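Throughout, a chain's letter reflects where its sequence line sits, starting with A, and its residues are numbered from 1. What you see is a predicted model, and the numbers here were worked out from it, not measured in a lab. Computation of the quantities below employed the complete heavy-atom set of this structure, encompassing side-chain atoms and omitting hydrogens, waters and symmetry-equivalent molecules.
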Amino acid sequence: MPLDVLESLRTAIGDAAEQAAGARPTVILTAPAQPEHGDLATPVAMGLAKQAKKPPREIAETIAQSLAADANVGGQLRDVEVAGPGFINLRLAPEWFAAAVRRIIGADLEFGSGGAEPPERILMEYVSANPTGPLHVGHARHAAYADSLARVLVFNGHQVDREYYINDHGRQMEMLGISIASAYGAPFGVEVPVPEDGYRGDYIKVVAELLRSEIGDRYVHDLEPLTEEALGFFSGRGGELTIKAIREELISVGVEFDAFFSEASLHWDGRVADAVAALEERGDAYEAEGALWFKSSKYGDEKDRVLRRADGDLTYLASDVAYHLDKADRGHDRLIDVLGADHHGYIARLKAILESGGKSGEMLEVSLIQLVSLLEKGEAKKMSKRAGTLVTMGDLVADIGVDATRFFLVQRSHETPLELDLDLAREQSQENPVYYVQYAHTRAVGILRQLESEPPSGAPAPAELDAAERALLLNLSRWPDAVSEAGQKRGPHRVAAYLIDLAGDFHAFYHRCHVSDEPEDVQSFRVNLTRATARTIRAGLGLLGVSAPERM
RNA sequence: GCGCCCGUAGCUCAGUUGGACAGAGCAGGGGACUUCUAAUCCUCAGGCCGCAGGUUCGAAUCCUGCCGGGCGCGCCA
């Protein structure tokens, strides 16, 4: 049961609506844009008008009257009125505000958590970048999105396992091996030609250097020509070191995994071959044009897909059959794959894999992440892998810091291409929304730090509240909805948007309402409000992997 | 050609299980520091919500068509 300070109101409105119209609606409570429309408003009467065959205003009047007479909530309401086409506008009494802030404080860091309906066991797979080089800004967006989403889902009450799938098999690993071998041989005066699609980045030299310190000149004589053993060593050990570096880099931005799953291991223990054989037995694979095909069209894909090429090599899809069926078999209710938007064509075949394996395609959900580009001095920063101007995640973090990196990358919906304004992100002051939110937290804890003593928590509510106090508390009361929605809609950017909004309300409150040296009832209420805000901001920033500093 | 995503203020974007005059930040104009930190606040200006139809008491939100942009379309991963 999520703690929700609006719950008793919702229930009361639902009850009243059921009595008035004979049906129980989902009670939507909105924050009216205009203060004349009260603290909260609900359009339920309009929604019920059609099926109840009564004018919306008439239903609204009936609901309003029973609300005012309701023993449970009547005392929390100062005023209920029907307005416009049938809105019910509520003005809340000071008693409601006092009770709400006490409940929020009582819930502590748990406030807003537990909204999962029902809680699920979820396996998330994300980043999964090839172990052939450093992470770039695109991977960073995947990491920031998925890690924040995972944290939000856990906060909502789900159980989440986080996994990185390592594509450490196939041609790209061979390329990596050759590329490293070439860099390894260079200082010894041995030339190993790197193919057109080999890797040439600086990090290849770094890895080669590491290997030189590990093994000295052991493989110098296996370079020309490159022996299978040497190639195996350079690609295998090179891949290990690359994954190690990727893992450490992710940890440095607060992104951690429960498991790193090796694609190669699926080949070693024959599970890919077994999975393919199983498809054939089921009649879901067939030979044609020299290749082996997965009959994915049988399960809704638009066409069939190749499992084994005419040259005998298995495709990545074959590994994915083994991998996704393995994932589906671990007892989770749901699998979430976070993929780049250019992978949208894969969704159908991944679902087909599950269906063919006797699972439900429904259990797989795919979040597609749109591209990231960087904006500098108002112009798009050119990034090209070939030209070596690719911006890595490390570059970005070194440039704008961990907090700004994570906040900016998750601030926008993952469904929209993101243009990250580097100049704004670098800004250590003023316009930067990260600092705007962090500063609100700093201010709040600053006030609390300077107070002599704790106010009595059961103090009565002040008779009159400032508009800024009302707005701030009403916004706080929306946190449970905001964070549940962020989870349900797989949109952690909602948390960022909420925090910016909340920080704005707090800054306004700070200016209008002094906390210390006020009458006891006023000070007590404001201290609690400040404490509730600080905790909510800290919790929210924590979900985004952003720190909540005590001082700035 | 087919499929998916997107089109909201000068810029970057929220808001889309339909609800009151469309929101924020930045950029621009004007104000506020003997104060619990001004990394802040207040205020002004700025929008045919891509276009055209449709459904509805009510559409940025749902449906259809069109225009514009991105991505993807059997033996690459």
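Base contact: E289(A) has a heavy atom under 4.0 Å from a base atom. Nucleic acid contact for G340(A): none, since no nucleic acid atom lies under 4.0 Å from a heavy atom of the residue. Heavy atoms of N89(A) sit under 4.0 angstrom from at least one base atom. Backbone-only contact: A497(A) has heavy atoms under 4.0 Å from sugar-phosphate atoms and none from a base. Base contact: R412(A) has a heavy atom under 4.0 Å from a base atom. In this structure, T30(A) reaches neither bases nor backbone, as no heavy-atom distance under 4.0 Å exists between it and the strands shown. Here A496(A) lies out of heavy-atom contact (under 4.0 Å) with every strand. Among the heavy atoms of the strands, none lies under 4.0 Å from L368(A). Across all strands, R171(A) comes closer than 4.0 Å to no nucleic acid atom at all (heavy-atom distances).
Each of R470(A), R478(A), R91(A) was compared with D39(A) under the salt bridge (Lys or Arg N to Asp or Glu O under 4.0 Å) criterion, and only R470(A) meets it. For the side chain to side chain contact (heavy atoms under 4.5 Å, CB included) criterion with Y165(A), the lone passing option out of Y323(A), F260(A), Y126(A) is Y323(A).
If you take NE2 of H344(A) and C1' of C4(B), they are 4 Å apart, rounded to a whole angstrom. Nucleotide A39(B) holds its P atom 5 Å from the OH atom of Y439(A), rounded to whole Å. A38(B) atom P lies 13 Å from atom CE of M552(A), rounded to whole Å. Nucleotide C41(B) holds its C1' atom 11 Å from the OH atom of Y510(A), rounded to whole Å. Straight-line distance from the CG atom of L472(A) to the P atom of C36(B): 20 Å, rounded to whole Å. Atom CZ in F506(A) sits about 20 Å away from atom C1' in A24(B), given to the nearest Å. Rounded to an integer number of Å, the gap from K351(A) NZ to G3(B) P is 19 Å. I500(A) has its CD1 atom 10 Å from the P atom of C26(B), to the nearest Å.
Annotation for E287(A): atom CD counts as buried by contact number, over 12 foreign heavy atoms lying within 6.0 Å.
RNA chain B is contacted by both G345(A) and N167(A); G345(A) maps to the nucleotide lying nearer its 5′ end (nearest heavy atom per residue). Where R308(A) and H414(A) meet RNA chain B, the nucleotide closest to each residue was compared, and H414(A) sits on the side nearer the 5' end.
Among residues at least two apart or in separate chains, salt bridge (Lys or Arg N to Asp or Glu O under 4.0 Å) pairs with a member in residues 309-319 of chain A are R309(A)-D311(A), R309(A)-D313(A). Applying the salt bridge (Lys or Arg N to Asp or Glu O under 4.0 Å) definition to pairs two or more places apart or across chains, those involving residues 493-512 of chain A are D466(A)-R512(A), E485(A)-R494(A). Within the structure, salt bridge (Lys or Arg N to Asp or Glu O under 4.0 Å) contacts touching residues 399-408 of chain A (residues at least two apart or in different chains) are D147(A)-R406(A), D399(A)-R426(A). Within the structure, the salt bridge (Lys or Arg N to Asp or Glu O under 4.0 Å) test picks out no pair touching residues 130-144 of chain A (sequence neighbours left out).
For the pair T416(A) and A14(B), the criterion of a side-chain N or O lying under 4.0 Å from OP1 or OP2 is met. Listed pair R494(A) / G15(B) meets the phosphate criterion, a side-chain N or O lying under 4.0 Å from OP1 or OP2. In terms of phosphate contacts, Y436(A) brings a side-chain nitrogen or oxygen within less than 4.0 Å of OP1 or OP2 of C41(B). For U17(B), neither phosphate oxygen OP1 nor OP2 lies less than 4.0 angstrom from any side-chain nitrogen or oxygen of Q488(A). Applying the 4.0 Å criterion to OP1 and OP2 of C76(B), one finds that R309(A) has a side-chain N or O inside that range. Applying the 4.0 Å criterion to OP1 and OP2 of A38(B), one finds that R443(A) has a side-chain N or O inside that range.
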*asked:* Using side chain to side chain contact (heavy atoms under 4.5 Å, CB included), reason through F87(A) and M46(A) one step at a time and then give a plain yes or no.
replied: CA-CA 7 Å; F87(A) 288 98; M46(A) 278 120 78; 3.5 Å; yes

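Among the nucleotides C41(B), U37(B), G15(B), the one closest to any side-chain atom of Q450(A) is U37(B). In this structure, of G15(B), C75(B), C36(B), it is C36(B) that holds the atom nearest to the side chain of V515(A). Of the candidates U37(B), C36(B), G15(B), C36(B) carries the atom nearest the I447(A) side chain, counting heavy atoms from C-beta on. Listed candidates were C13(B), C75(B), C41(B). Nearest to the side chain of A508(A) is C41(B).
Remark: D320(A) pairs with no residue by the salt bridge (charged side-chain N to carboxylate O under 4.0 Å, His left out) rule, at least two apart or across chains.
Comparing the C1' positions of C6(B) and A14(B) gives a spacing of 15 Å, expressed to the nearest Å. The gap from the C1' atom of U61(B) to that of U8(B) amounts to 12 Å, rounded to the nearest Å. Rounded to whole Å, the separation between the P atoms of G23(B) and G54(B) comes to 27 Å. A gap of 27 Å separates the P atoms of C44(B) and C51(B), to the nearest Å. Look at the P atom in both C5(B) and C41(B): the space between them is 38 Å, to the nearest Å. Nucleotides A39(B) and G72(B), compared at atom C1', are 44 Å apart to the nearest Å. Here the separation of A59(B) from C48(B), taken at their C1' atoms, is 15 Å to the nearest Å. If you take atom P in G68(B) and the same atom in C57(B), they sit 35 Å apart, rounded to whole Å.
Secondary structure note: stems in RNA chain B built from 3 or more consecutive Watson-Crick or G-U wobble pairs under 3.5 Å occupy B:1-7 with B:67-73, B:10-13 with B:23-26, B:28-32 with B:40-44, B:50-54 with B:62-66.
Applying the 90° criterion around 0 to the glycosidic angle, G19(B) comes out anti.
In terms of polar N and O atoms assigned as donor or acceptor, the side chain of H343(A) never comes within less than 3.5 Å of the base of G72(B) in a complementary pairing.
With hydrogens and angles left out, the side-chain atoms of D337(A) and H343(A) include no donor and acceptor closer than 3.5 Å.
The ring of H514(A) lies on top of the base of C36(B), close enough and flat enough: under 5.5 Å between centres, under 30° between planes. A20(B) has H37(A) stacked on its base ring, the centres lying under 5.5 angstrom apart and the planes within 30 degrees of parallel. Stacking between W293(A) and the base of G74(B) is absent under the criterion of ring centres within 5.5 Å and planes under 30 degrees.
At distances below 3.5 Å, at least one donor-acceptor pair connects side-chain atoms of T315(A) with backbone N or O atoms of L307(A).
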